[in-house]
Amino acid sequence: MQQAPRRMKGARRVPRERAAGPYNPAMPFSDPSAPPVSSSAVPPVPSAAFSSPLLAGLNPEQLAAVTAPPGPALILAGAGSGKTRVLTTRIAWLMQTGQVSPAGIMAVTFTNKAAKEMQARLSAMLPVNTRAMWIGTFHGLCNRFLRAHAKVAGLPAAFQILDTSDQLSAVKRVIKALKFDEEKCIPKATSYFIANAKDAGQRPKDLQPRDELGRMQLAVYQAYEDQCQREGVVDFAELMLRTYEIMRDHPEVREHYQRRFKHILVDEFQDTNRLQYLWLKAFAGSPGVTGTSVFAVGDDDQSIYAFRGAQVGNMADFEREFRVPHVIKLEQNYRSHGHILDAANTLIAQNSKRLGKNLRTDAGLGEPIRVHEAASDFAEAQWMLDEIRQVKREGHPLYEVAVLYRSNAQSRVIESALFNAGVPYKVYGGLRFFERAEVKHALAYLRLIENPSDDTSFLRVVNFPARGIGARSIEQLQDAARASGRSLAQSVTAVAGKAGANLQAFMALIDTLREAIRGLTLRDIIEHVVEASGLAEHYRAEKDGQERVENLAELVNAAEAFVTQEGFGKDAIALPVDEPAGTIAAGLPAAVAAVELLPDAETGEIISPLLAFLTHASLEAGDNQAQAGQDAVQLMTIHAAKGLEFHHVFLTGLEEGLFPHENSMSDTDGLEEERRLMYVAITRARQRLYISFSQTRMLHGQTRYNVKSRFLDELPEDALKWLTPRNQGFGSGFEKPYRDAWASGKGMGSMVGAGAQPFRQAPAWGGGKRGEDNFKDLTAPIPKAMAESKTAGGFRVGQSVFHNKFGEGVVLTLEGNGPDARVQVNFGRHGTKWLMLSVAKLTPIE
DNA sequence: GTACGCTTATTTTTT
DNA sequence: ATAAGCGTAC
């Protein structure tokens, strides 16, 4: 099916025989006397290479990176500096100059999207079969590795991959089995605990519990491992850890790969966690000894995943441990206009922990950043809607407009504004295709066919659709399984009576399915299982099952597409196919090679397309919305926007507590990560950036009164253009929360401060200068909470008024009735006054 | 086995 | 506000 790729014309294989030196996984590079990469070990670079059309148009720094001599390299690549181009051109250049064959390349990314893009760009650059290369995500490559070395790994050839929710349910089962109190040993937290331990490279034996909870979690970790091992399943972190351990503990395997890979390239290096760094070191071996060059590309300023274990420190460690001769900085930005870049630079300069980098652009200053203050989240959305319509009128496509926010909850009000106005939009994030319940159910049947020991899948569908197997039956079954140390599927005969009969009927169904799909195409397999399992019928009978039925049909389509477009088994390929069949096997000691290489010796592909598809489903969650090509506004969190760019960017909700998020504000590290997040957000914009914040916002069913984000104050004045008056008083101070707390007798949301002030001595709001006309723009819709409040004497809260002596003001509070009626009005620089309506001459404005 | 009502949590996310 | 998860009652 897949042709063995031809080696590049004129490309000569670099001799791979370089003795692998002593390897100490604990302290790989602790020997200070190790010689630097000797230049004599480096193949001469053909001088003609420097005039290669590949290199045309690269700036000096990019050129230096692309053509860096073999050996460790660290590229500090700023936002929009052509990072992906450098990475792919580097690979192409290495091959074109004959320094490496495709099989000698490993390129690692974090997301499938990035891997695909790299592959696509590379294919466009060079007529090379990228299949021989190891290009993929960390987890995808680990999967490939473990399929090839299943025996050494102690895994069944058809091992299944648990996603996060599978892992959680597996952990829950363990906690139940151990009879731990779920109140104390919280499943989710324990699941995190296990994942974190693995991400740090720690097995249960490496951990020392410090308290009762620690002891419980450790016990769960141990039992969870045993359970996974029994069932033949691995979670995401296990893919990495198991691969790393095999590399660490099996010299013959290690030496093989260290000889094989001449160049390892890593994208988004700042996002690597501890285990991934260890993993890379294991594949690279000691610098100067294995001759493997690691080319790491990253941007410490865009490190926004510390919360999930990313260690920016890996960059500095890499520079030191690999003895990177000099870090190459890509600081020329090809994306954003000057004001935008100035803002980004000024902001990020306030972080203390940086490797140091300043972006520059040849583009002019461009438009200033437009800043808007809204009265409410609703008003913010309305304003944005107006601006978006204007942008559309100016002839820009909507897909070039992005609305970014800190947290997903913020999208709702924006969505409703766009929806009601009939503006098409697309929200990124949320439930992915393969994560939908009905799809997971279908996959569970398929997984059981491949591996009946997969208890997680068994439990998911044993009674779905309902077939009379209730909690009691399952409990009996679990007891039997536990007693015999076997899987649930193996234990059905141990349950007596009707329950046992039902369970056996279920297993008979699985067996029947397995028989029935023999010889079918993948598409037909899925179609048959979806029908014969009763899933399709169940959803057809359900009131609101329409969408689920459609998703099941979509799953069939996805299978079809997987076979035709992707060529099934891409992820599952175990052999580098540019080697003559058997070469790799020959390169490995018999013990490793014989059984490990389970795939077809001719093609190197895993034989079962179903297994390949299941792996694909686990490792690639799939897009959530298929409406590609539609001209729609793009809505996403800032995290999701990393790596993307847009002509127009709306950055919303710039409020203390929201962004920076309140959970991150307490410590410096958290705050600096938030600031990097802000940096990422700003640098998404090419031409026009809008920043907005709101005085009030509905969050968790409560109105919160927010102060504008400190990040706004950290931007250079010159780069900003305020669409609303700067330092506008209304909502920028602490006054309103006090008032509301007083009025409602309830808490004050985010603005709870020590010792609420007495009502009438509320401090004047806002700081800074206020002009006479500061209040003219306060005509935005009144927040719901305010609109519902009482009126008096024809005035309402939020009403603009005029006073002969104090000028313009805004009504803050109304109290009393009739002759007693009084109002509190903010007169800007004249302060906040209480006035008796019967005395003061107040006239409403507008 | 399903329906209803109660409690709970609600930053960011890929694999 | 709101959704999801869980327990109890039919």
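Order of the sequence lines sets the chain letters (A, B, ...), proteins ahead of strands, with each chain counted from 1.
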>> For nucleotides 2-10 of chain C, give me one character per nucleotide, 5' to 3': B if any protein heavy atom sits under 4.0 Å from the base, S if the only such contacts are to the sugar-phosphate, - if neither.
In response: S---S----

> How does protein reach along nucleotides 9-15 of chain B, written 5' to 3' as B (base within reach of a heavy atom under 4.0 Å), S (only sugar-phosphate), or - (no contact)?
Replying inline: -BBBBBB

> Would you call the rings of A/Tyr539 and A/Phe464 parallel, tilted or perpendicular if under 30° counts as parallel and over 60° as perpendicular?
Replying inline: tilted

> In terms of ring plane angle, is the pair A/Trp134 and A/Phe283 parallel, tilted or perpendicular, where the classes change at 30° and 60°?
Replying inline: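 The arrangement is tilted - the two ring planes meet at 30° to 60°.
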
> Can you list every pair that meets side chain to side chain donor-acceptor pair (under 3.5 Å) and has a residue in residues 173-185 of chain A, with sequence neighbours left out?
Replying inline: A/Arg173-A/Glu231, A/Arg173-A/Thr456

> Is there a donor in the side chain of A/Glu438 and an acceptor in the side chain of A/Asn551, or the other way round, less than 3.5 Å apart?
Replying inline: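 A/Glu438 vs A/Asn551: donor-acceptor pair found between side chains.
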
> Got a second to check how far A/Leu699's CG is from A/Ser407's OG, nearest 0.5 Å?
Replying inline: 7.0 Å

>> Quick check for you: to the nearest 0.5 Å, what is the distance between A/Asp301 atom CG and A/Glu672 atom CD?
In response: 10.0 Å

> Does A/Phe159 have A/Arg147 sitting over its ring (NZ/CZ under 6.0 Å from centre, angle to axis within 45°)?
Replying inline: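 Yes, a cation-pi geometry holds between A/Arg147 and A/Phe159.
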
>> Within the 4.0 Å heavy-atom criterion, would you say A/Asp271 contacts the bases, only the backbone, or no part of the nucleic acid?
In response: nothing

> Centres of the A/Phe458 and A/Phe506 rings: under 6.0 Å?
Replying inline: yes

